[in-house]
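Before any comments, here is the structure.
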Amino acid sequence: MEYNFREIEKRWQQQWRDSGAYRVSNESDKPKFYVLDMFPYPSGAGLHVGHPLGYIASDIYARFKRLKGYNVLHPMGFDSFGLPAEQYALETGQHPAVTTEKNIARYKEQLDNIGFCYDWSREVRTSDPKYYKWTQWIFLQLFDSWYNRKSQKAERINVLEGIFEKEGNVTNECPGDRKLQFIAEEWSGFDNQRQQEILMDYRLAFSAFGEVNWCEALGTVLANDEVVNGVSERGGHPVVKKKMRQWYLRITEYADRLLQGLEQVDFSDSMKEMQRNWIGKSQGAEVRFKVKSEKGEVEQMVVYTTRPDTMFGVDFMVVAPEHEMVSDITSFQQKDEISKYLEYVKSRSERERLAEVKSITGAFTGAYAINPFDGREIPIWISEYVLAGYGTGAIMAVPCGDQRDFAFAKHFNIPITNIIGEAFNGEEANPTKDAILQNSDFLDGMVMRDAINVVIDKLEEMGIGKRQVNYRMRDAGFSRQRYWGEPFPIVYKGGVAFALDEGHLPVELPYVDTYSAGPEGEGPLANLADWIIAPGGGTREANTMPGYAGSSWYFLRYMDPQNEQAFADRKATDYWNQVDLYIGGTEHAVGHLLYSRLWTKVLFDLGYIGHEEPYKKLVNQGMIQGSSRFVYRIKSSNQFVSAGLIDQYETDKVHVHVGLVDGLELDIESFKNSRPEYEKAEFILEDGKYVCGAEVEKMSKSKYNVVNPDEIVERYGADTFRMYEMFLGPVEQSKPWDTKGIEGVHRFLRKFWRLFVDETKGLIVTNDAATPAELKVLHRTIKKIEEDTERFSFNTAVSAFMVCVNELNDLKSRKKEVLQPLLILLTSYAPHVSEELWKLLGNEGSVLDAAFPKFEEKYLVESSKEYPVSINGKHRTNINISLDAAQPEVEQIVVANEIVQKWLEGKAPKKIIFVKGRMINVVI
RNA sequence: GCCCGGGUGGCGGAAUUGGUAGACGCAGCAGACUCAAAAUCUGCCGUUCGCAAGGAUGUGCUGGUUCGAUUCCAGUCCCGGGCACCA
């Protein structure tokens, strides 16, 4: 009986499906454990060998927890709305619903092939109306809420209306318009439209006319994180600013809580750091300066600074070119220069502005700000290095402390005031906070760090400034001018957006057969005349929600996926609670993770769920890179020369499909048949072989280095594939794929099989009692597998299995007492072969529900140790000494040792260092 | 430029608390079995000197701390990732 993995794996996969072995119940006496994978977007290309890395890791962990007695939720689903399907529809005319369905079927087939323990009865698809009904419903909760800064949480909008009726907005600053102020009487006096406009400026989901990243080529608006260096992340198309009516999520109100929440979760430091950077919290002050200008129309300007301690070092002001005060303060003399500069700024695309960060440009307005402390007149400039959207759009420039300000001052010959004495060398700015202030009036002699608060206190006392926290993060754009996404449950009447009644959900995505943009650049839905008019009157929102809408809450739906009364029953969300382990790639570091953390916090604030951080622990899997192969064609010929000989010729390096190469050796016949132009190719060989070049690159179709898991599973089996992916290295790390290396793991499984089964004799396991040596091997392995699995060190766990099997082979061990527990250990890594052998051993029930073996220290206790002995720190020999031996006894034994004697050359050792159970070092 | 990771054999990687560097596997070399091949098994396998015994050297580089450093500290170079006029 040989190890027929193909037959075994197919049979057990079928059996597990039929018996519902992976069904999970929401009712259980066992402790719960929730293991989640970032669900995939089902692309047309299917899975390559890099995709399942994280899925295998989470699957092993989920199975491990099940063996350890947990009720484990381990679901899978599909992020099935999104751009690529629509792009594909544009190109081929096939409806996204059709291609998506097809792709999902393919994905599921590929996933099942690898033997994952997903409870498919809980599958979710974001494009399913039964699912997106609740995406729309949550959107309505966001729409119906505002963030109460005093209670630090989301509250219903009608609470806010109540407050307005009593006291206006005097104690609740408007996040959408900071200048807006009204009292109760004024509120009652506003007409409904005005009231709705004001409420919109508070809502957590709100619409506004905003500058958005418009990508003409993709015909859509992109989120900030989808724009890289001024071009679209996908496709690299140019992106420009465009004013459009958009939906946004007021994530900025949650900036602080999103920041604080990071303290409670177990994410990698780099992941947390990325989120912190994205949020970009800074503390400082807003300072109002009096303005002296010809027209006298502007009395004050407001700047934001993190360094109020440098108030006496301010040599000029810079205002963003877009700032509204620019035209009001520009002097007659400077008018031409300013308008020339504004024209220049306008002519530059976002892309250029980002690309040329080094060049210094700007223009003087002719106006001055007055330093409130010493009355100095400070020239006001405009320059594109100050951004309209951050802080107040105006800065106070301190050239001795800020490098950009310094460069600007040098470039325009603005005199520089030094307030930090020797700390400033005149060559470059010094941003220190530790220097002693000079030339700073009442701050002289103070350390800058300490002066910050002194100045803010003074500003507040004088009534010309205040402490201010700023965030780099912007509110999240939530509209896409696209078809294949969730429709908004919103109807406009008289220009006012109204939420649809819950009873009207879901707003189903209507069928279309063309995908071109609407008349005003809105989504294709705008073209559906009979859909766009809502039944009760009014116009529907024609845009759709972005990709992250559905993925912001899917982990909750898995808990109760068929519920038609709620997104999930509170009992279910309370039972499953947080995701205990979330595995996925780093590419979602800021986008998805931040948005889903936001949604969770809002649902928590509104009382729908009992926890406010969705993911307790996050593990980021690394990428599996492709290992590309190259052939070398002699220039302008059809001759190919083996890699070792290319120095002798002028060659072009050409990618060759990895499937045509065994290790490095090219399969010449297959190569010739692969393409017509290679049919007549000639080869210059070395040692009778054609050796290819190799390089590690990203796995991609264009590089001909994509390896399909189906092929690997067909050749070696799912168990081998799973273990090999883990064996490659630490999950978090990126590493190249090497098909050749898989044979080692495959050999291991065959060896493992042969511990139990002989090809001719069949099962050869005995019921004899195990020897101490065998038990030692077993328990060392139990300990190692348990510890390594628990800390996600799957590669070393696979090694431990190999070591164990090698040792049992040496011991010729065939005993059930040893082999059966070992089988259970292997179950989470190689479930199929484990189940097969489990049954062969005559066990009832499935190995999936076996109990994880208990490690017992007593089998590992040793009485002596082969101590490594070093002379002056260099390892020279080993001496076997009893573990009971104490220092004096050990010293005696060591000094008497022949090899130690030789190194001592008759001298007495200066010192003998003895670490019990570890090592001995003789110092001469 | 700033912020995170990371540099260990031909390759993927191991060394969990400062204590035998290179576990495990791939590739390679030698051999056994076989008519042959596959499969399987055995041995060798960082570099270097040496017939060997045994030395020397070795975890990017330069120093430091220590009886002892891949591990800790300082500096430096390289690679990967993220952010980038954020006041």
P spacing across the pair C73(B) / G7(B), given as an integer number of angstrom: 14 Å
message: For the C1' atoms, the ones on C35(B) and on G10(B), what distance do you get once it is rounded to whole angstrom?
response: 36 Å
- prompt: Counting any heavy atom closer than 4.0 Å, what does Trp737(A) reach on the DNA or RNA strands: base, sugar-phosphate only, or nothing?
  reply: nothing
- request: May I ask you to verify whether the side chain of Asn277(A) and the base of C83(B) hold a donor-acceptor pair under 3.5 Å?
  value: no
Polar atom pairs (N or O), protein with nucleotides 20-23 of chain B, under 3.5 Å:
| from | atom 1 | to | atom 2 | distance (Å) |
| --- | --- | --- | --- | --- |
| A23(B) | N1 | Ser799(A) | OG | 3.4 |

- request: Quick one: label Lys784(A) by what it contacts on the DNA or RNA (base, sugar-phosphate, nothing), any heavy atom closer than 4.0 Å.
  value: base
message: Using the salt bridge (Lys or Arg N to Asp or Glu O under 4.0 Å) criterion, which residues pair with Arg629(A)? Sequence neighbours excluded.
response: none
message: For A56(B) and Arg876(A) - does any side-chain N or O of the residue sit under 4.0 Å from the phosphate oxygens OP1/OP2?
response: yes
task: Please check the phosphate of C85(B) (OP1 and OP2 only) for any side-chain N or O of Arg472(A) closer than 4.0 Å.
output: no
Protein-nucleotide distance (Leu728(A), atom CG; C11(B), atom P), rounded to Å: 16 Å
message: Can you tell me the base-pairing partner of C83(B)? Count Watson-Crick or G-U wobble geometry only, both distances below 3.5 Å, and say none if there is no partner.
response: G1(B)
task: Not counting sequence neighbours, list each pair that qualifies as a side chain to side chain donor-acceptor pair (under 3.5 Å) and has a residue in residues 908-920 of chain A.
output: none
field: Counterpart base for A27(B), defined by Watson-Crick or G-U wobble contacts under 3.5 Å
entry: none
Span that lies between the C1' atom of C11(B) and that of U34(B), in whole angstrom: 32 Å
- request: Assess whether one donor atom and one acceptor atom, taken from the side chain of Lys751(A) and the base of U40(B), lie less than 3.5 Å apart.
  value: no
task: Grab the CD-P distance between Gln283(A) and C86(B) for me, whole Å please.
output: 18 Å
Identified pairing partner of A74(B), criterion: Watson-Crick or G-U wobble below 3.5 Å: U62(B)
task: Return yes when atom CZ of Arg814(A) has more than 12 non-hydrogen atoms of other residues, nucleotides or ligands closer than 6.0 Å, and no otherwise.
output: yes
query: Is A14(B) paired to anything, Watson-Crick or G-U wobble with both distances less than 3.5 Å, and if yes, which nucleotide?
result: none
message: Checking one value: the base orientation of G46(B), syn if chi is within 90 degrees of 0, otherwise anti.
response: anti
task: Counting Watson-Crick and G-U wobble pairs only, both distances under 3.5 Å, name the nucleotide matched with U57(B), or none.
output: G46(B)
- line: Across every strand shown, the nucleotide meeting Watson-Crick or G-U wobble geometry with A32(B) (both distances under 3.5 Å) is U40(B)
query: So, is Asn806(A) close to the G25(B) phosphate, meaning a side-chain N or O under 4.0 Å from OP1 or OP2?
result: yes
